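Contents: one structure, followed by commentary.
All figures in this text were calculated on a predicted structure; none of them were measured in a lab. Numbers for residues simply follow the sequence, beginning at 1.
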Amino acid sequence: MQAPDGEVRSAWPGEDARLVVEQAAGRDWQVAGDGFWQVHPAAPQVLADAVRAALGDADIRSAWDLYGGVGLFAAVLADVVGPGGSVVSVEGDRHAAELAAANLADLPGVRTVRGAVADVVADLPDRVDAVVLDPPRTGAGPALCREMALREPAVLVYVACDPAALGRDAAALAGAGYRLDGLAAFDCFPQTHHVECVARFVPAG
């Protein structure tokens, strides 16, 4: 797909190809032709930048990317933790998890795990420095919010495609000891009622 400025933002390598190659955050991304990627051509880069800004300047050596898709935010986290840090990307869809592993194969500190987020998180370490999550429209839910808070991350960045779900999960996080510290909204779906949000949560204390 060619953007109005003439830049190629994605490529379909052949009529029968199963994969689309997208570009964002300085990398190429293999995405299933019927898989998830932001519809607005500028959205992946804008959201990646927003997540990076929301992470702030905390000392982050370990991080989780929950509902990680094909790995966009995991790459952002890998840049933040540096070569000595670790990132775990968790994705439930088999094909997306496989593509994430391929897309992030050059980043030795990144590990991709396929499975339901709630199940995988239960088996992850007791502490983590940062969490990024991009749940489906239904949100993360109170149980996962409590589970994340128990790991005491210095910062939790929530990418939300439904403000109502974000509101419910913000209340759950508040009950678990985390306060909303910043919120940005993006019109990724012009002429619709949909709004994409990036929220930053930090320990209330």
Q. Side-chain contact, heavy-atom cut-off 4.5 Å: L133 with V159?
A. no
Q.
Could you work out, with side chain to side chain donor-acceptor pair (under 3.5 Å) as the rule, every residue matching D28, not counting sequence neighbours?
A. Q23
Q.
When you group the ILVMFWY residues by side-chain heavy-atom contacts below 4.5 Å and let the links chain together, are V198 and V131 in the same group?
A. no
Q: Measure from the side-chain N and O atoms of S86 to the backbone N and O of G109, and report whether any donor-acceptor pair falls under 3.5 Å.
A: no
Q) Which pair of non-hydrogen atoms, one from D134 and one from Y67, has the smallest distance, and what is that distance? A) O-CB, 3.2 Å
Q.
I need the minimum non-hydrogen distance between L107 and A75, along with the two atoms involved.
A. CD1-CA, 4.3 Å
Q. Would you say D65's side chain and A74's backbone share a donor-acceptor pair under 3.5 angstrom?
A. yes
Q) Within the side chain of Y178, is there an N or O that forms a donor-acceptor pair under 3.5 Å with the backbone of P153? A) yes
Q: May I ask you to decide if G71's main-chain N or O and N103's side chain share a donor-acceptor pair within less than 3.5 Å?
A: no
Q | Close side-chain approach of V46 and F186, heavy atoms under 4.5 Å | A | yes
Q | R111, CZ atom: more than 12 neighbouring heavy atoms under 6.0 Å | A | no
**Q.** Reported CG-to-OH distance for the pair L66 and Y158, which is rounded to 0.5 angstrom
**A.** 11.0 Å
Q.
According to a hydrophobic-cluster definition based on side-chain heavy atoms being under 4.5 Å apart (Ile, Leu, Val, Met, Phe, Trp, Tyr only), do V110 and L99 belong together?
A. yes
Q.
Within the structure provided, determine whether V31 and L19 are in side-chain contact (heavy-atom separation under 4.5 Å).
A. no
Q. Does the D169 side chain pair with the main chain of A140, one donor and one acceptor, at a distance under 3.5 Å?
A. yes
Q) Counting distance only, does the side-chain N/O of W29 pair as donor-acceptor with the main-chain N or O of A24 below 3.5 Å? A) yes
Q | Carboxylate-amine/guanidinium contact E91 R114, below 4.0 Å | A | no
Q. Do L72 and V51 share a hydrophobic cluster (ILVMFWY, side-chain heavy atoms under 4.5 Å, transitive)?
A. yes
**Q.** For the student: nearest non-hydrogen atoms of V202 and A154, plus distance
**A.** CG1-O, 3.8 Å
Q) Hey, quick one: are V132 and V88 part of the same hydrophobic cluster, counting side-chain heavy atoms closer than 4.5 Å, chains of contacts allowed? A) no
(Q) Applying a strict under-4.5 Å side-chain criterion to I, L, V, M, F, W and Y, I'd like to know whether L104 and V76 cluster together. (A) yes
Q: Using the side chain to side chain contact (heavy atoms under 4.5 Å, CB included) rule, take L144 and V117 through it: C-alpha gap first, then chi angles, then the decisive distance, then the call.
A: CA-CA 8 Å; L144 181 59; V117 169; 3.7 Å; yes
Q. At what distance, to the nearest 0.5 angstrom, does OG of S89 lie from CZ of F73?
A. 11.0 Å
Q. Roughly how far, to the nearest 0.5 Å, is the CG atom of L47 from the CD atom of E196?
A. 5.5 Å
Q | Taking every non-hydrogen atom, the tightest pair across A54 and V155 | A | O-CG2, 3.7 Å
**Q.** Interatomic distance, E147 atom CD to L124 atom CG [nearest 0.5 angstrom]
**A.** 9.0 Å
Q) Would a distance-only check, ignoring hydrogens and angles, find a side-chain to backbone donor-acceptor pair under 3.5 Å from R151 to P125? A) yes
Q) Are D106 and R27 close enough for a salt bridge, meaning some N to O gap below 4.0 Å? A) yes
Q. From E98 CD over to T112 OG1, what is the distance, rounded to the nearest 0.5 angstrom?
A. 11.0 Å
Q: Only one of D79, L156, L77 passes side chain to side chain contact (heavy atoms under 4.5 Å, CB included) with L55; say which it is.
A: L77
Q: Rounded to the nearest 0.5 Å, what's the gap from CZ on R137 to CG on L166? Could you check?
A: 12.0 Å
Q: Give the minimum heavy-atom separation between V81 and A63, together with the two atoms involved.
A: CG1-CB, 4.2 Å
Q. Restricting to pairs with a member in residues 46-64, which pass salt bridge (Lys or Arg N to Asp or Glu O under 4.0 Å), not counting sequence neighbours?
A. D59-R61
Q: Please report the shortest heavy-atom distance between Q45 and A25, naming the atom on each side.
A: OE1-N, 2.7 Å
